Amino acid sequence: VQLQASGGGLVQAGDSLRLSCAASGRTFSSYNMGWFRQAPGKEREFVAAIRWSGGSTYYADSVKGRFTISRDNAKNTVYLQMNSLKPEDTAVYYCAADKTWPLNYYGMDYWGKGTQVTVSS
């Protein structure tokens, strides 16, 4: 599975963005998916996860209530809708795929290249 994240950009605090992660390969629908982010000088951290069926999700406390993860298996795409963005959300955002649930953050099967999100105050 090859993954490519897109949709990042420069926004102001309070704005919204929707990230997309397009996957290649016919097995996308069998993978659980996650979004992660890495801010400058910080370790990569978990943001959100969605099960292969789309029937279960969970979030980091820092984004709960503001971000929504979803997927469209027909389009081989997972999304991250980010609302009420804050400057502390500034980071490179990555999508990743894994067969395990809950996600094995340190052993994800596949990682995509990231997309930069910058939130100005």
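What you see is a predicted model, and the numbers here were worked out from it, not measured in a lab.
- In this structure, Arg71 forms a cation-pi arrangement with Phe28, its terminal cationic atom sitting closer than 6.0 Å to the ring centre and no more than 45° off the ring axis.
- Tyr79 and Phe67 fall into different hydrophobic clusters, where Ile, Leu, Val, Met, Phe, Trp and Tyr are joined by side-chain heavy atoms under 4.5 Å apart, directly or via other members.
- Between the side chain of Asn32 and the backbone N or O of Thr100 there is at least one donor-acceptor pair closer than 3.5 Å.
- For residues 110-121, the side chain to side chain donor-acceptor pair (under 3.5 Å) pairs, not counting sequence neighbours, are Gln116-Thr118.
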Can I get a per-line list of side-chain donor-acceptor pairs under 3.5 Å for residues 50-58, giving both atom names and the distance, sequence neighbours left out?
from	atom 1	to	atom 2	distance (Å)
Ser53	OG	Gly55	N	3.1
Tyr58	OH	Leu103	N	2.9

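- The ring pair (Phe, Tyr, Trp, His ring centres under 6.0 Å) test with Phe46 is passed by exactly one of Tyr93, Tyr105, Tyr106, Trp35: Tyr105.
- The heavy-atom pair separating Met33 from Ile69 by the smallest distance is O-CD1, 4.1 Å.
- Across every non-hydrogen atom of Phe36 and Arg44, the tightest pair is CB-CG, 3.9 Å.
- Residue Tyr94 is not grouped with residue Val78 when hydrophobic side chains (ILVMFWY) are merged at heavy-atom distances under 4.5 angstrom, including chains of intermediate members.
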Per-pair distances, 0.1 Å, donor-acceptor, side chain in residues 3-21, under 3.5 Å, sequence neighbours excluded:
from	atom 1	to	atom 2	distance (Å)
Asp15	OD2	Gln12	N	3.1
Ser16	OG	Asn83	OD1	2.9

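- One finds no salt bridge joining Asp89 and Lys86 here, because no Lys/Arg side-chain nitrogen approaches an Asp/Glu carboxylate oxygen to under 4.0 Å.
- Between the side chain of Ser24 and the main chain of Gln2, a donor-acceptor pair closer than 3.5 Å is present.
- Not a single donor-acceptor pair under 3.5 Å links the side chain of Tyr59 to the backbone N or O of Arg66.
- The same ILVMFWY cluster, assembled from side-chain heavy atoms under 4.5 Å apart, contains both Val47 and Val117.
- Hydrophobic clustering, with ILVMFWY side chains joined whenever heavy atoms are under 4.5 angstrom apart, groups Leu80 together with Leu85.
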